[in-house]
Amino acid sequence: MENIKNAPNPTATNVSPPESYEKTKAYQDFINVLSQIIEKHGSEVLDEINRVV
C-alpha cells in the first residue's frame, strides 16, 4: 500500500468512457473482473516493479 500513496494523482487529461458504456453489463463485468485481479495480484506486480526500479 505504500506504493499507492506515491502514485501520481490522475489528471484532468484522462478520458473517461462515455456514460453509455458504464451502463452496460459487459462493461460492469469487465470492471469487476479487473478489480478482482488487481486485488489478488496487485501487490505482487508492485513488488516486481520496485525490484526493477
Partners of D29 by side-chain hydrogen bond (donor to acceptor under 3.5 Å, both in side chains), sequence neighbours excluded?
K25

Looking at CD of E48 and OG of S43, how far apart are the two atoms once the value is rounded to the nearest 0.5 Å?
10.5 Å

Do I37 and Y27 land in one hydrophobic cluster if side-chain heavy atoms of ILVMFWY residues count as linked below 4.5 Å?
no

Working to the nearest 0.5 Å, report the span between CZ of R51 and CG of L46.
11.5 Å

